[in-house]
Trainee: 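First the structure, which I've put down as structure tokens, then a few questions once you've had a look.
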Amino acid sequence: MEIRFFNTLTGTSEVFQPVHSDCVRMYSCGPTVYDFAHIGNFRSFLFADLIRRTLEFFGHRVHHVMNITDVGHMTDDASADGGGEDKMQAAARRMKEDKKSGRVPEGAVQNPDDPYQIAKYFTDAFLEDARTLGVKVAFEYPDNVLQATQHIDAMQAMISQLIQRGHAYVGPDGVVYYSVESFPAYGRLSGNTLDRLMTGAGGRVSEENQANKRHPADFMLWKPDSSHIMKWDSPWGAGYPGWHIECSCMARKRLGRDVIDIHTGGEDLIFPHHECEIAQTCGATGENSFARFWMHARFLLVEGEKMSKSRGNFYTVRDVLQGRVRDEKGQPTGVSVHPAVLRLELLKSHYRGNMNFTHKGLIDSAGVVRRLTEFRARLEAASGGRCEAAVDLSHPVLNAFAAALADDLNIAGALGAILPWATTTPADPAVALGVLERVNDVLGVAPLATSGGEQASDEQAEIQQLCAQLDDARRRKDFAAADQIRGQIQKRGYDVKTSPTGTLAEKRLA
RNA sequence: GGGGCGGUAGCCAAGUGGCUAAGGCAACGGAUUGCAAAUCCGUCACGCGAGGGUUCGACUCCCUCUCGCCCCUCCA
């Protein structure tokens, strides 16, 4: 089956073919570790995970690499040579406040003034969140999840190479800059070509502080700065690398090729980050492309609005899972959300459109997860657990599912193919189970392989006892008591199902 | 001002130059139930942001407008 992806580089949907047939090499821009990652970040990471799983579904071997930005970049890079507050220092400041407020557990970070400890804390938190949500690459740390601070040497080597090849220079201020004029293809990805940047910026680009650069759009590769909180020796003085170089460098190094297949990120990274990555990599390798496909996920809105801390609609993964999502009345629901539900919610709309994260959507996703899970249980019961492994695209449901995914990751179409099927009673449950297995290799929600901690069994026992009381009341036809008990169970976040064989209570998924 | 993406029912969300515009949620009617929940059956867009144009025929192609989002400072 032919796979098509929309390529930001060409602005069209193209047939995907790996450069080397042995393996698809893809690189995803990962998180910075100055704070907990939020659900918008994860929309992008799950999008990358979906690409990977889809390619694997179609039989490709995939080498997926993601970076973690742990170099303390500056909050204000307006002049492109580093200004403002160091993000690691800002994180340290927040960390101290958070320790006081209890948001960060006592003892989690011994010394907030040590940037490596802060980075480690948030890196661990990120990996935990990513694994909870089934992001495959997170299970491949540290092999395929690379930290920038551990590849400084390689970055310096690439910077030297760029200077040698005439793509970079040391400015009068001692900063190493990339010369955008040395790379004619600059702007091809974003449409922000040099002439457009000049005319379109409304004077912003050509403002002050450009004196050290040959062209206003030149960007920093290395900044000597002995006062920086994280710094490394270099031929250009002790300092730190520019933001863009880590990706160029680590992708090339870890994937082992000068031209990779796919590069992903959020839409905000198209310019300048990815534009600069292309300039750097092509400048160093001499190739005329870096990644064959550039794929970007649109932004996520929350309840129709931009996610922002001041609006109170800013959610980390933890916020959602632990029931801090606000409902329509603006109140935290207090109902914990199953990771599979959040995974599906962040996956279920097309990556090239804005996604609107809502409480209602979460409930909706919970219904889908429950339905698929129950479908699996029914199939397992019917087949005696036998799962036919030899299913292929000749199966109509799997074929429709695959065809949708192959069409630029049409996830809604793919769900549309399986959801009606999930209410049927397939003639051959073992085959159906095989199909569901393949489907779930991509979706990863029924079940989510990585489940987090299960509920305390104390609670389970209590609920079971309440169910028994409910059954007893119903047997006595004391319906007032029965309704009261049912309300009690529901209040604890359970759905109550009465049946001839006794009442069952199931934890709500969201 | 410049670059880019998107606007399909109450909500989420597919799709196509021409059979009845997927699917899910919600809603409504029915079966079931002590009542519910779950489940099952059924109903639910003469219309696809607005206005033009091309065409035998457009929601699907072109133009204009409008609204939303991203980038042009760090940001998934």
Side-chain angles (χ1 to χ4, degrees), chain A residues 6 8 11 28-32 34 37-48 69 73-80 82-85 87 187 189-193 195-205 207 217 243 264-275 296-301 304-307 345 348-358 360-368 370-371 374 400 404 407 410-423 474 477-480 482-483 486-487 489-490 494-500 503-506:
Chain A
F6 183 89
T8 306
S28 298
C29 282
T32 54
Y34 313 126
H38 54 70
I39 55 175
N41 298 129
F42 268 92
R43 142 80 144 175
S44 164
F45 306 149
L46 284 167
F47 151 65
T69 300
H73 293 290
M74 307 308 273
T75 53
D76 176 17
D77 270 345
S79 54
E85 187 180 16
K87 287 183 179 173
L189 179 72
S190 63
N192 287 330
T193 52
D195 52 323
R196 282 170 176 159
L197 277 173
M198 292 299 280
T199 56
R204 291 163 78 177
V205 162
E207 270 169 27
W243 172 44
T264 74
E267 62 173 318
D268 57 325
L269 295 183
I270 295 170
F271 189 90
H273 187 52
H274 289 165
E275 196 71 75
H296 296 96
R298 297 290 151 207
F299 263 41
L300 172 118
L301 304 175
E305 295 188 302
K306 260 186 192 171
M307 185 162 68
E345 178 64 16
K348 76 179 180 189
S349 62
H350 191 81
Y351 73 94
R352 284 200 298 123
N354 284 118
M355 163 180 285
N356 191 14
F357 179 91
T358 61
K360 206 177 159 194
L362 218 44
I363 301 292
D364 196 344
S365 292
V368 171
R370 189 178 47 73
R371 214 159 114 184
E374 285 174 359
D407 179 16
N410 180 354
I411 185 73
L415 290 170
I418 59 160
L419 287 175
W421 172 66
T423 62
R474 291 186 71 227
K477 299 208 186 301
D478 183 354
F479 298 123
D483 289 346
R486 179 163 56 206
I489 302 172
Q490 285 170 334
Y494 285 73
D495 285 328
V496 179
K497 298 181 183 181
T498 49
S499 79
T503 296
L504 284 173
E506 279 179 5

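The shown structure was predicted, so the numbers you read here are calculated from the model rather than taken from an experiment. Naming convention: chains lettered A, B, ... in sequence-line order (proteins, then strands); numbering from 1 in each chain.
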Trainee: Along nucleotides 30-35 of chain B, 5' to 3', which nucleotides get a B, which get an S, and which get a -, given that the test is a protein heavy-atom distance under 4.0 Å?
Mentor: ----BB
Trainee: Using a distance-only test with no angle check, is there a side-chain donor-acceptor pair under 3.5 angstrom linking A:Asn356 and A:Thr358?
Mentor: no
Trainee: Among all residues two or more places apart in sequence or in another chain, which pass the side chain to side chain donor-acceptor pair (under 3.5 Å) test with A:His350?
Mentor: none
Trainee: Who are the side chain to side chain contact (heavy atoms under 4.5 Å, CB included) partners of A:Asp268, not counting sequence neighbours?
Mentor: A:Phe299
Trainee: Not counting sequence neighbours, which residues clear side chain to side chain contact (heavy atoms under 4.5 Å, CB included) with A:Ala48? List them please.
Mentor: A:Met26, A:Ser28, A:His64, A:Thr264
Trainee: What are the atom names and distances for every N/O pair under 3.5 Å that joins the protein to nucleotides 61-66 of chain B?
Mentor:
none

Trainee: Name all residues meeting the side chain to side chain contact (heavy atoms under 4.5 Å, CB included) criterion together with A:Ile270; count only those two or more places apart in sequence or in a different chain, and write none if there are none.
Mentor: A:Thr8, A:Leu189, A:Ser190, A:Glu267, A:His296
Trainee: Run the side chain to side chain donor-acceptor pair (under 3.5 Å) test against A:Tyr351 and tell me which residues pass, sequence neighbours left out.
Mentor: A:Asp408
Trainee: Using the salt bridge (Lys or Arg N to Asp or Glu O under 4.0 Å) criterion, which residues pair with A:Glu345? Sequence neighbours excluded.
Mentor: A:Lys348
Trainee: Taking salt bridge (Lys or Arg N to Asp or Glu O under 4.0 Å) as the test, write out the residues that go with A:Glu374, two or more places apart.
Mentor: A:Arg370, A:Lys497
Trainee: Classify every nucleotide of nucleotides 3-14 of chain B by which part a protein heavy atom approaches to under 4.0 Å, writing B for the base, S for the sugar-phosphate alone and - for neither, in 5'-to-3' order.
Mentor: S-SS---BSSSS
Trainee: Please list, chain by chain and in numerical order, all residues satisfying side chain to side chain contact (heavy atoms under 4.5 Å, CB included) with A:Lys306, sequence neighbours excluded.
Mentor: A:Arg311
Trainee: State which residues pass salt bridge (Lys or Arg N to Asp or Glu O under 4.0 Å) with A:Asp407; sequence neighbours excluded, sorted by chain then number.
Mentor: none
